[in-house]
Amino acid sequence: MTTADPYRDLLKTIAESISREFSQSLGTDVPSDLIVRVIEEPPLRKFGDLGIPVPRLSKELGLKFQEVAASVEAGLRNVNVISKVTRVGPYVDAFIDAEKYASKVLESLKELSENYGVPRVEEPQKIVVEYVSANPVHPLHIGSGRNAAIGDFIYRILSMAGHNVERRYYVDDMGLQVAYLAYGYLKLGRPNPPEGMKPDKYYGLIYAAAATIVDLLEAKKKVEALKEKGGHEYSDALRELDSLMGDLARIRERIPEEVDELIEEISKDEDPRASIATLMRNYEFGNEEAQVMREVSEKVMEGIKETLTRLGINMDVWDWESDLVREGLVRKVLEEARKSQYFTIHRGVPALDFKELLKDKDLRRRLRIPEGLEIPPLILVRSDGTTLYTTRDIAYTLKKFREAQAKKVYNVIAIEQTLPQAQLRLALYALGHKFEAENTIHYSYEMVNLVGASMAGRRGRYVTVDDLLDQMKERILDIMSERGSRSEDIAEKMARSAFRYMMLSTSPNKTLVFDVSKALNIRQASGPYIQYTYARAKAVLTKAGGVPWNKLEFKGAGKGLRRELIWLLGKFPHVMKRVLESLRPEDLVAYMNKVADTFNTWYGAEPIAKEVDEGLRALKLAITYGVSVVLANSMKALGMDVLERV
RNA sequence: GGGCCCGUAGCCUAGCCAGGAUAGGGCGCCGGCCUUCUAAGCCGGUGGUCCGGGGUUCAAAUCCCCGCGGGCCCGCCA
């Protein structure tokens with residue numbers, strides 16, 4: 001009989017055997033789950049393949065060390081696939097019979113072939129993943145790139161496991177930022193991008209210019225007002241002005257005419273901020289002339305979509321925020337809110353106050369409201385009658401659940417939005433949408449910063465995904481040229497895979513300090529390294545004409561790195577299952593690296609296809625095949641391109 | 001001021017939630033290996049006050065307390 005998960009089965013068999021031993025010799029009932037939990041892998045292979053720290057069990061069970069050690073040892077000896085059991089200090093260690101275990105792993109691999117390790121959920125669900133959702137005011141920068149890579153990974157692994165996943169991008173075209181862009185766009189007479197420049201790049205510069213000029217004019221006034229007064233307030237204002245001038249100068253280098261014209265035009269405006277607020281108000285209330293916000297957003301989105309396509313990311317649905325308003329969904333939310341017992345007038349404007357709700361500790365837990373996080377009332381409507389982002393997000397969340405008939409909604413959103421996301425869940429609950437409140441999951445990730453500076457879209461300070469992909473591609477093409485195998489298409493795919501690898505290799509809850517020169521260093525522990533290793537394994541298999549499964553002999557399976565590789569291959573289904581549950585891409589990346597490293601070392605150490613012994617050759621090819629399958633499936637889950645040749 | 005996250009070699013990072021063996025990797029740097037299956041590779045060398053101080057424990061990178069350093073949030077922005 002073959003198994004879908006050799007490693008897990010091994011742990012279960014061992015745990016059950018030990019559990020039986022406990023009840024037989026000590027009359028103690030020990031659940032095998034508990035034993036599975038304490039089984040660990042020794043830091044060095046020479047200690048064994050698996051080990052059990054006896055004190056952990058004896059403490060937990062309240063039994064004497066010697067008794068526990070003896071039972072564990074006896075239990076392990078009764079397992080057929082274990083060849084040796086030793087006692088080292090507080091540990092009982094077990095060695096796996098590599099030949100027997102290899103037969104289990106390779107049989108499973110043979111039967112499941114390409115599907116080996118792909119997790120299958122028992123109850124597929126309809127799930128929505130909302131990701132990227134970058135504001136349509138500038139190109140995707142590496143921060144949104146991190147979001148894109150993470151969101152797409154979630155989509156891919158959930159889909160692989162059998163869930164029905166819908167990908168959505170929320171276009172926030174009603175926000176203040178689009179209003180700034182539209183303001184600048186109008187002042188320049190609705191210009192089109194110059195020949196050859198992507199719209200997102202061009203309008204991103206206009207957005208930054210407009211925002212910076214507005215801030216700069218205000219900073220100037222402030223400096224003048226403080227001139228008489230002097231002191232540190234004055235010098236602070238001066239420094240602020242200086243920094244804005246620096247930013248504007250940098251933007252001006254890119255679009256000098258536009259910047260000059262904007263300075264002139266915006267200076268004529270008595271109150272630019274009021275004009276921008278008017279634009280927003282008109283847009284929300286359906287005034288035709290404010291459609292310029294939609295117009296310019298659409299242009300920027302063209303560029304963003306192009307970048308996403310380059311990254312290999314496709315969305316199922318593009319949701320326009322303004323459509324929610326047109327459809328009356330936002331109004332409906334406001335009506336519900338007014339009827340809610342949590343409705344209040346906070347500083348003169350409509351709001352939801354969660355004070356009472358938050359007293360319920362159990363609710364806090366169910367809605368995953370971070371411990372100790374203070375939640376101020378959620379203001380729903382500005383004093384000029386326009387709504388706020390989170391208000392519209394309530395409507396949007398309900399729409400996502402309703403349209404997709406979703407059981408769960410993942411929002412991939414930066415960690416800085418923890419508070420509004422918590423308010424969103426509370427608001428859903430307060431409005432009576434308990435199911436939606438409990439099943440809206442904020443998948444947060446940390447910021448991406450640049451080596452020297454912080455990123456700021458408003459100031460035009462960012463590294464774009466496009467530029468980074470271009471540079472990575474250049475670097476890859478250089479290497480290809482050296483090797484005499486230049487291919488634009490493959491280079492493009494390697495570049496985007498390298499990008500995804502980079503974004504997924506560190507834990508999402510760790511700040512990423514981004515360094516372009518490091519991102520371009522394509523060696524070990526990189527996307528290309530994995531793709532290269534995979535192609536290498538495939539090349540061996542192709543030359544050998546596939547795996548001669550009928551010739552397969554297991555007797556060489558215990559030697560050196562072959563043993564190690566079989567061990568790793570056996571673990572793959574277990575690793576995938578864990579990654580599916582935790583949604584932590586970095587664990588899969590680490591596993592993938594380990595497999596690639598071990599395979600490459602082995603590849604250098606002994607011949608595979610050229611092995612003369614027939615049975616051993618078949619074994620080696622089967623292992624190589626296993627490596628190709630686990631690397632391919634890992635890459636698929638991570639959204640990397642699986643290339644047969646590089 | 002309050003809250004959340006992070007701190008492991010020159011740099012990046014795993015391990016921390018569920019304490020257990022000599023803290024795993026990678027980059028960089030130095031030296032070697034292309035007439036054998038893809039050298040984007042392999043082999044060897046180099047490098048650690050696990051931020052600091054206490055505590056709990058047979059055992060602490062891991063748990064607790066007090067600090068220090070960095071990031072983020074605490075807006076009628078998103």
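Here is how names work: the chains are called A, B, and so on, in the same order as the sequence lines, proteins then strands, and each is numbered from 1.
- Applying the 90° criterion around 0 to the glycosidic angle, B:C27 comes out anti.
- Here A:I415 lies out of heavy-atom contact (under 4.0 Å) with every strand.
- Across all strands shown, B:C42 forms a Watson-Crick or G-U wobble pair with B:G32, both key distances being under 3.5 Å.
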Sort me out a list of protein N/O and nucleotides 26-35 of chain B N/O pairs below 3.5 Å, or just none if empty.
from  : atom 1 : to     : atom 2 : distance (Å)
B:C27 : O3'    : A:N521 : ND2    : 3.0
B:G28 : OP1    : A:N521 : ND2    : 3.2

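- Residue-level contact check: A:V54 touches neither bases nor backbone, having no heavy atom under 4.0 Å from any strand.
- At a threshold of 4.0 angstrom between heavy atoms, the contacts of A:R458 with the nucleic acid are absent.
- Atom OH in A:Y529 sits roughly 7 Å away from atom P in B:G41 (whole-Å rounding).
- With hydrogens and angles ignored, a donor-acceptor pair under 3.5 angstrom links the side chain of A:K46 to the base of B:U22.
- Judged by ring centres under 5.5 Å apart and planes tilted less than 30 degrees, A:F47 stacks against the six-membered base ring of B:A21.
- Residue A:D93 places a side-chain atom within donor-acceptor reach of the base of B:A21, judged by atom type and a 3.5 Å distance cut-off alone.
- Residue-level contact check: A:P42 touches the bases, meaning some heavy atom is under 4.0 Å from a base atom.
- Across all strands shown, A:P90 has no heavy atoms under 4.0 Å from either base or sugar-phosphate atoms.
- A:L57 places its CG atom 18 Å from the P atom of B:C58, with the value rounded to the nearest Å.
- Rounding to whole angstrom units, CD of residue A:Q421 and C1' of B:C73 are separated by 14 Å.
- Phosphate contact (OP1/OP2 of B:A39, side-chain N/O of A:R536, threshold under 4.0 Å): present.
- If you check every strand for non-hydrogen atoms under 4.0 Å, A:A590 touches nothing.
- Separation of the A:Y170 and A:Y396 ring centroids falls under the 6.0 Å cut-off.
- Counting non-hydrogen atoms under 4.0 angstrom, A:P376 reaches nothing in the nucleic acid.
- Within 4.0 Å of A:I476, counting heavy atoms only, lies at least one base atom of the nucleic acid.
- A donor and an acceptor atom never sit less than 3.5 Å apart when one is taken from the side chain of A:T418 and the other from the base of B:C73.
- Nearest approach of A:I490 to A:V646, heavy atoms of both residues: CG2-CA, 4.4 Å.
- Ranked by how close their nearest RNA chain B nucleotide is to the 5' end, A:E40 and A:N593 are led by A:E40.
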